[in-house]
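Notes for the one structure printed next.
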Amino acid sequence: MSVTKLLAISLGAILTNNFIFSQFLGICPFLGVSKKSDTAVGMGLAVTFVMGLASAFCFGVNKLLVALGLDYMQTVAFILVVASLVQFIEMFLKKSMPTLYTALGVYLPLITTNCAVLGVVLLNVQNDYNFIGSVVYGITGGLGFLLAIYLFSTVRERLEFADYPKAFEGFPIALITAGLIALAFMGFSGLQVWPM
Amino acid sequence: MMNVIFAVLVLGVIAVVFGLVLSVAAKAFEVEVDERLPKIQECLAGANCGGCGYPGCAGCAEAILAGKAPVNACAPAGAEGAAKIAAIMGMEAPSGEKMVAHVTCNGGEAAVKSFEYVGLHDCVAATKVAGGPTACAFGCLGYGTCVAACQFDAIHINEKGVAEVDKEKCTDCGACREVCPRKLIVEVPYKQKVFVNCANKEKGPAVTKVCANSCIACGMCERTCKFDAIHVVNNVAVVDYDKCRNCTMCAKACPRNAIEPIPTPEEKEKFKAAQKAAAERKAAAAKAAAEASAAEAHKAE
């Protein structure tokens, strides 16, 4: 896979086809852990890490499934891989990096049920990426998630002091904000790395 | 049919492989947790009140285990909890007196309002408006920020409009002391019965203007006390809880009813009469002594 192709994949994952703002994947943690920017960054980094690893592992699992003619079982198999991967990472971090483990806290197990992670591995298969392409797409997709959740959390921190109708308090105003940022991200559509 | 069995088999094998990897990893990456940790946590109050300064009871238990916090760090668990934790840690339990919170204001309705406050029902918010609606800058506002902070239902606004601690329920966690914008809540021994319920540090005349139940630093209590246990410091009487024997003489002597337990008018009369009689007796004795010495001097002549 050429460097330009990888660059195109990265740019697409971070900006044009941002997981949150244009594919609407991983909205749950996006809304749930975006009240403070430092926890949002923690979550974003954890998701990036897991998305990268999951892409790599699922590439292998997918090859196995295709070889056995079981590619229709992809979704189930990928859920299995993602769940065990997160478990494994949790154990590993607890032992070797306790500081990072406590910093991530409850977000780490939450990633198990993050549809952005499942989404990235399924999209890897759909787009027929090779191993490097898959991993790059996973990591940059995670970075796109990090960018989105960080931007959103900083806006939400400011919303604390904003003067808006009481009926909008909490999730309504957060969803409107998310919608507006998504509209802003529409500006990136059409962005291309030449030659594709 | 074969397809289904094949799919189930393959996925089953994958799942078993992952399961094995995870169980091996669980052994390999096992983190040893000190067995004392859950035991210590059991002895704590479990209210996650944050009074100890650690994030929740789990944080406190870890700090105690690491030796960063004393075994009696959890005030709500009390001396009993501290003793249990000391036993787990293999240490001597520090013998501390049980302490409770106490509100040093008796103003309420007796205090003069400088304006009518109609904002948010919260003391901190009220103090932000021109320093608060009470003319006394040291008085309880009665909007119940401490009541909201208390996790043990131990502090309430009484009928006078002043916060009052229920010392049976109080665990001395310190949450109310922390939130009170006027810092009126202090830590006192559970046994203590006599308190000066005023914190106003202004001079007498200024205090008289803002509250009827205030300490004017007249010093009556100081003169009445037989145990040297009450002193006027910074224009307000302060009880020395180590020396105080709870005789309540100062409370009866106080002309402003600023010392708890507040005496009834009869008690006050009785006390005044007794003081007067004592003074008369003393004067008579002095007179007699003077006469006797005069007679002696006369005899010697």
Side-chain angles (χ1 to χ4, degrees), chain A residues 36 38-39 42 50 53-54 56-106 108-109 111-112 117-118 121 125 161 163 166 169, chain B residues 1-38 40-41 48 50 52-69 118-122 124-125 128-129 148:
Chain A
K36 274 199 217 143
D38 45 347
T39 51
V50 175
L53 271 181
F57 270 84
C58 290
F59 182 79
V61 171
N62 187 48
K63 277 272 178 290
L64 180 75
L65 288 179
V66 170
L68 294 170
L70 282 172
D71 33 353
Y72 59 90
M73 292 300 279
Q74 274 162 351
T75 312
V76 184
F78 289 167
I79 289 173
L80 199 64
V81 175
V82 172
S84 353
L85 199 61
V86 171
Q87 275 294 316
F88 184 81
I89 292 166
E90 195 181 344
M91 286 178 206
F92 177 74
L93 285 183
K94 200 172 178 182
K95 176 79 179 177
S96 54
M97 283 175 262
T99 2
L100 185 62
Y101 176 76
T102 41
L104 290 175
V106 74
L108 205 53
I111 301 169
T112 323
V117 180
L118 186 64
V121 290
V125 176
F161 307 106
D163 193 19
K166 197 169 170 33
E169 214 162 89
Chain B
M1 192 57 202
M2 276 310 287
N3 260 346
V4 176
I5 293 167
F6 187 53
V8 168
L9 269 179
V10 170
L11 273 185
V13 168
I14 294 177
V16 166
V17 169
F18 282 145
L20 282 175
V21 170
L22 279 183
S23 53
V24 168
K27 268 270 170 278
F29 296 121
E30 198 175 8
V31 178
E32 274 181 34
V33 178
D34 198 317
E35 56 177 11
R36 291 176 296 177
L37 192 67
I40 291 175
Q41 206 176 335
N48 288 318
C52 53
Y54 292 96
C57 293
C60 183
E62 265 171 41
I64 291 173
L65 192 63
K68 284 184 210 148
V118 286
L120 201 63
H121 205 77
D122 178 82
V124 181
K128 299 278 184 250
V129 184

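As a basis for the values below, the full set of heavy atoms in this structure was taken, side chains included, without hydrogen atoms, waters or symmetry mates. Chain letters run A, B, ... following the sequence lines, proteins first, then strands; residues in each count from 1.
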Checklist line | CD1-CZ distance between B/I64 and B/R36, expressed to the nearest 0.5 angstrom | finding: 11.5 Å
Next item on the list: Sort out for me which residue in A/L53, A/V81, A/V50, A/V117 forms a side-chain contact (heavy atoms from CB on, under 4.5 Å) with A/V86.
Entry: A/V50
Notebook entry, point to check: Crowded around A/F57 CZ? As in, over 12 foreign heavy atoms under 6.0 Å?
Noted result: no
Check: Roughly how far, to the nearest 0.5 Å, is CD1 of B/I14 from CG of A/L80?
Finding: 7.0 Å
Margin query: Can you give me the closest heavy-atom contact between A/A54 and A/V82, atom names plus distance?
Written below: CB-CG2, 4.3 Å
Notebook entry, point to check: Are any of the side-chain heavy atoms of A/V61 and A/V121 separated by less than 4.5 Å?
Noted result: no
Check: Measuring heavy-atom distances to chain B, does A/L68 have an atom under 4.5 Å in its side chain, in its backbone, in both, or in neither?
Finding: both
Note to self: Less than 4.5 Å to any heavy atom of chain B: does that hold for the side chain of A/L85, its backbone, both, or neither?
What the structure shows: neither
Can you list every donor-acceptor pair under 3.5 Å that links chain B to chain A?
from	atom 1	to	atom 2	distance (Å)
B/E30	O	A/K95	NZ	3.3

